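What you are looking at is a predicted structure, and each value in this text was computed from that prediction instead of being measured.
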Amino acid sequence: MKRNDPIYSVTVRKKIVLFSKLMGAILVVSYIFSTRLPLDADASLAIWLIFVAVLICAVDLWLARSISEPLSRLNDTARRMAGLDFSRLCGVESRDEFGELSRSLNAMAGSLQEAFSKLDHANRQLERDVEQKKRLLAERKELVDSLSHEMKTPLGVIRAYAEGLQDETDEEKKQKYSQVIIEETERLGSLVAALLDLSALESGAMLLRQEWFDFVELLETVAGRLLMDIPDADFDLQYELPEHPVYVDADKSRMEQVLNNLIVNAKKNVRPGGILKLSLKESGHKLDFSVFNQGPSIPQEDLEKIWMKFYRDKNSKYSGSGLGLAIVAQILSMQHIAYGAANESGGVSFWLSIPLMK
């Protein structure tokens, strides 16, 4: 599914095109007018040149107010955010790409401030116990270091492209730069949302809701949405599912999130033309699910680390937040569902085993 492009009232490109056409028309009309003045040719030319000089100054003033000034504000905001300073919002309020970018940056700053506020609140609660405090301080330092590292790359991209916009004259490149900046802000927003979700699960603020549901139907729904009818799919989809309903007692929405993360992870890492296989089998009093993708294996010493926050396998093509598998592990652990990952011949398999009622 393609993301819809933002809609602006008047784009920067339209402004520049309309303004340039208007200036061209003014130049032509002013030249014709100056040649018809009851003066000699040299005087008419001098008057027209003076008018052109004034017009150039007006164009420079307009460009400064409409292009350079918003870019300077955006660049200043991106520079402060790159330094993890979210205290001041960007004041660009135009109804064009610059205004949209300003609102995205402000929304991201608010989300980050809220994330840090919630994390600090959770930390203060855990600091009541001395041993918990020691463990918390260690986890907090790791989280802040990891989050700062994750944020600096997209924030650096935002700053670089914002600076590039200031000196770029090609309108197509300006549009591309603006789109890249907006996409990076959305990437940061997704990172914050995933982090808040994981923090809520870990702290107990988010409770699970158990219910009976058909796991086969849920898997078919999720797999159909993510794997079926994909025009540019470059893998061989295989599946092995029961032909009858299998009911489990779990949190349906969270199990859908687990399946979504595992299948997306497999789809991202399957090699071109490789096999992506879904398997669901009843084994005694358990329902075993696995998703296998042909592709690079995970180093044996890292098989346990992949479930940690911000972990990424250096051989993986996955470019998400590094929180997807950590969320999967937290959801399954809260429901006492066994899970794991293993290297198999030619690829990697992720699995989970749900207990069934006797």
Answer yes or no: does atom CD of Glu344 have more than 12 heavy-atom neighbours from other residues, nucleotides or ligands under 6.0 Å?
yes

Working for side-chain contact (heavy atoms from CB on, under 4.5 Å), residues Leu356 and Val246:
CA-CA 9 Å; Leu356 297 175; Val246 179; 4.1 Å; yes

To check you understand the geometry: which heavy-atom pair defines the closest contact between Val270 and Ile275, and what is its length?
CG2-O, 3.6 Å

State yes or no: do Ile337 and Val216 share one hydrophobic cluster built from I, L, V, M, F, W and Y residues joined by side-chain heavy-atom distances below 4.5 Å, directly or via other members?
yes

Please check if Ile331 and Val328 belong to a single hydrophobic cluster, counting links between Ile, Leu, Val, Met, Phe, Trp and Tyr side chain heavy atoms closer than 4.5 Å.
yes

How long is the span from the CE atom in Met308 to the CG atom in Asp302, to the nearest 0.5 Å?
10.0 Å

Between Met334 and Tyr339, is there a shared hydrophobic cluster once you connect ILVMFWY residues whose side-chain heavy atoms come closer than 4.5 Å?
yes

Polar contact flag, side-chain donor to acceptor under 3.5 angstrom, Ser290-Asp288
no

Hey, are Glu217 and Lys252 close enough for a salt bridge, meaning a charged N less than 4.0 Å from a carboxylate O?
no

Minimum side-chain heavy-atom gap Leu280-Pro242 below 4.5 Å
yes

Nearest non-hydrogen partners of Phe235 and Leu227, listed with the distance:
CZ-CD2, 3.9 Å

Separation between CZ (Arg271) and CG (Asn269), nearest 0.5 Å, reads 13.0 Å

Can you name the nearest heavy-atom pair linking Lys286 to Ser353, along with the distance?
CD-OG, 3.2 Å

Here the pair of heavy atoms bringing Ile306 nearest to Ala341 is CD1-CB, 3.7 Å

Is there a side-chain contact between Phe215 and Ile354 (heavy atoms, below 4.5 Å)?
yes

Measuring only between side-chain heavy atoms, which start at C-beta, is Leu303 closer than 4.5 Å to Asn343?
yes

Can the ring centroids of Phe350 and Trp307 be said to lie less than 6.0 angstrom from one another?
yes

Stepwise salt bridge (charged side-chain N to carboxylate O under 4.0 Å, His left out) test for Glu220 and Arg225:
CA-CA 8 Å; Glu220 289 176 340; Arg225 183 178 68 246; over 6 Å; no

Give a yes or no on whether Leu237 and Leu219 share a hydrophobic cluster (residues Ile, Leu, Val, Met, Phe, Trp, Tyr; joining criterion: side-chain heavy atoms under 4.5 Å apart).
yes

Hey, any chance Leu218 and Leu241 share a hydrophobic cluster, counting ILVMFWY side chains that come within less than 4.5 Å of each other, even indirectly?
yes

Value rounded to 0.5 Å, distance of OG in Ser349 from CD1 in Ile298:
10.0 Å

Taking C-beta and beyond as the side chain, do Lys267 and Asn293 meet within less than 4.5 Å on heavy atoms?
no

Do the side chains of Leu352 and Leu262 get nearer than 4.5 Å, heavy atoms only?
yes

Is it true that Gln238 and Asp236 share a donor-acceptor pair across their side chains at a distance under 3.5 Å?
yes

Between Phe289 and Leu259, does the side-chain contact (heavy atoms from CB on, under 4.5 Å) criterion hold? Intermediate values first, please.
CA-CA 10 Å; Phe289 165 76; Leu259 294 176; 3.8 Å; yes

Are the side chain of Ser333 and the backbone N or O of Gln330 linked by a donor-acceptor pair below 3.5 Å?
no

Would you check, one step at a time, whether the test side chain to side chain donor-acceptor pair (under 3.5 Å) holds for Ser253 with Asp251?
CA-CA 6 Å; Ser253 63; Asp251 187 309; 2.9 Å; yes

Could you pull out the closest heavy-atom pair between Ala223 and Leu278, with the gap in Å?
CB-CD1, 3.6 Å

Within the 4.5 Å heavy-atom criterion, are Gln335 and Met255 side-chain neighbours or not?
yes

Are any non-hydrogen side-chain atoms of Leu208 and Arg254 less than 4.5 angstrom apart?
yes

Euclidean distance, Glu256 CD relative to Asn261 CG, rounded to 0.5 Å:
10.5 Å

Are any non-hydrogen side-chain atoms of Lys277 and Val291 less than 4.5 angstrom apart?
no

